[in-house]
2 protein chains.
Amino acid sequence: MSRERLLAALAEAGREHSTTAVMFHTAVSARMGLGMTEAKALDLLRRLGPLAAGEIAGHSGLTPASVSGLIDRLERKGFVRRIRDTEDRRRVIVEIRNDGVAGFGALFEDVVQGLEGLYATYTDEQLELILDFLRRSAEVQRAATAGLG
Amino acid sequence: MSRERLLAALAEAGREHSTTAVMFHTAVSARMGLGMTEAKALDLLRRLGPLAAGEIAGHSGLTPASVSGLIDRLERKGFVRRIRDTEDRRRVIVEIRNDGVAGFGALFEDVVQGLEGLYATYTDEQLELILDFLRRSAEVQRAATAGLG
DNA sequence: TTATTTAGTTCGCTCTAACGAAATACAGGA
DNA sequence: TCCTGTATTTCGTTAGAGCGAACTAAATAA
């Protein structure tokens, strides 16, 4: 395959890969009964750990009032817990409830298994290459996203 | 790096890669003034070509009434055009307006350039490996998504 | 102590996007 | 032709998620 064709195929495959990722995320959120904003908030908490309500507002661009409602919904659905900050008792820390999200781990089983099977077909050197590619590719996307802010 | 660590790192990098893909998609949609449903519909049209309103309903899970409104919004924003089917004049074919989406190509410039730069650092053999990985990985995600339907 | 600022919540409102039911327009067979 | 079924639209309604303004509680400065 010529380099030119190779690059064109990669562009197409990359688009397709992104699309399937988005569709999978959407499907998982739907199955968990989450809206866009709720899913995004849960992801924030997963990546950054427990956050104060105001911090969620900062990261999400929502107003404090909206964040209150958002936390209400997530709490009602059993995904997070409110905790009064003992240092500053005005603040409310929002924390993921592991017992609440645990039941949905099964949703990822197919993907996890599928990827494990996929990885099993590669040598260590090949996996190192793929790992590096994934990291650098993610960085490109992150930078591009920031450039749209 | 041990195989075990490698696999763990890949799992993390893969999650991160997905997250950045979703964030990029979200940011692009926001910039284009599109809601989730509208973006999804445009993506359908991009991948499958012009579709009848009813076909969009089928693919999206929306009711015909909702699809009518959806097309109204996309049309008002200049992204699609309604065309009466000449064979069956009850049907309405929805087609992407290239002149409507063209202006937003710039949103992808950073990603395209970034990825080109990234690809440039690999040999043909390495790119073949990456291409194969992307395709197989997308297939895993597609299958997993279908499993949640 | 008292006043001010800060963190979060509550309230009332609005806007959007979805829905079901009824209407419209056309196709295709009796 | 006339009738039945199909594709889409229109209409009226509903539910959800966001906002600003007003409120409560707690920290901090005067």
Side-chain angles (χ1 to χ4, degrees), chain A residues 22 25-27 29-45 48-96, chain B residues 22 25-27 29-45 48-96:
Chain A
V22 172
H25 268 246
T26 305
S29 294
R31 268 301 190 93
M32 295 178 75
L34 294 174
M36 259 289 92
T37 315
E38 290 155 20
K40 211 170 129 187
L42 266 191
D43 194 63
L44 269 178
L45 293 169
L48 306 179
L51 295 174
E55 293 172 317
I56 295 179
H59 282 98
S60 64
L62 296 172
T63 61
S66 303
V67 172
S68 258
L70 168 61
I71 301 173
D72 284 348
R73 298 195 301 272
L74 285 173
E75 202 170 36
R76 205 176 319 121
K77 293 171 187 172
F79 294 118
V80 306
R81 176 180 9 242
R82 273 184 170 90
I83 301 174
R84 277 279 157 202
D85 187 340
T86 51
E87 304 294 313
D88 181 341
R89 290 158 32 75
R90 289 169 306 179
R91 283 161 48 97
V92 166
I93 306 295
V94 182
E95 184 184 70
I96 289 188
Chain B
V22 172
H25 269 245
T26 305
S29 295
R31 267 304 190 92
M32 295 178 74
L34 295 175
M36 258 290 92
T37 315
E38 290 154 20
K40 212 170 128 189
L42 266 190
D43 195 62
L44 269 179
L45 293 171
L48 305 180
L51 295 174
E55 292 172 319
I56 295 179
H59 282 99
S60 65
L62 295 172
T63 62
S66 304
V67 173
S68 257
L70 167 62
I71 301 173
D72 285 347
R73 299 195 300 274
L74 285 173
E75 202 170 35
R76 206 177 316 121
K77 292 171 186 172
F79 293 118
V80 306
R81 174 181 12 241
R82 271 183 171 93
I83 301 175
R84 275 283 155 198
D85 187 341
T86 51
E87 303 295 313
D88 181 342
R89 290 160 33 75
R90 290 169 304 180
R91 283 161 47 97
V92 165
I93 307 296
V94 182
E95 183 185 72
I96 290 188

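Each chain gets a letter, A, B and so on, in the order the sequences are listed, and its residues count up from 1.
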J.: Where along residues 79-91 of chain A does a heavy atom fall under 4.0 Å from DNA chain D?
T.: A/Glu87, A/Asp88, A/Arg89, A/Arg90
J.: Could you tell me if the side chain of B/Val92 sits less than 4.5 Å from the side chain of B/Arg84, heavy atoms only?
T.: yes
J.: Between A/Met36 (CE) and C/dA18 (P), how many Å, whole number?
T.: 13 Å
J.: Any salt bridge between B/Arg82 and B/Glu75, counting N to O under 4.0 Å?
T.: yes
J.: Between atom CD1 in A/Ile71 and atom P in D/dG18, what is the gap in whole Å?
T.: 12 Å
J.: Using 0.5 Å steps for rounding, measure from the OG1 atom of A/Thr37 to the CG atom of A/Leu70.
T.: 7.0 Å
J.: Are B/Phe79 and B/Leu34 packed together at the side-chain level, in the sense that at least one heavy-atom pair is separated by less than 4.5 angstrom?
T.: yes
J.: Out of C/dA17, C/dT9, D/dT9, which has the shortest distance to the side chain of B/Thr37?
T.: C/dA17
J.: Roughly how many Å is it from CD1 in A/Ile56 to C1' in D/dA17, rounded to a whole number?
T.: 16 Å
J.: Taking atom C1' of D/dG16 as reference, at what distance in whole Å does atom CG of A/Leu74 sit?
T.: 14 Å
J.: What is the distance, rounded to the nearest whole Å, between atom CD of A/Glu55 and atom C1' of C/dA7?
T.: 11 Å
J.: Are B/Ile96 and B/Leu42 side-chain neighbours, meaning at least one heavy-atom pair lies under 4.5 Å?
T.: yes
J.: Heavy atom of residues 62-70 of chain A under 4.0 Å from DNA chain D: which residues?
T.: A/Leu62, A/Thr63, A/Ala65, A/Ser66
J.: Check the distance between C/dC15's C1' and B/Arg73's CZ and give it to me in whole angstrom.
T.: 12 Å
J.: Nearest 0.5 angstrom please: B/Ser60 OG to B/Asp43 CG, how far?
T.: 12.5 Å
J.: Determine whether a donor-acceptor pair (N or O, by modelled atom type, separation under 3.5 Å) exists between the side chain of B/Arg91 and the backbone of B/Asp85.
T.: no
J.: Roughly how many Å is it from CG in B/Leu34 to P in C/dT16, rounded to a whole number?
T.: 15 Å
J.: If we count only N and O atoms by modelled type, under 3.5 Å, do the side chains of B/Thr63 and B/Ser66 hold a donor and an acceptor together?
T.: yes
J.: At what distance, to the nearest 0.5 angstrom, does CE of B/Met32 lie from CD of B/Glu38?
T.: 10.5 Å
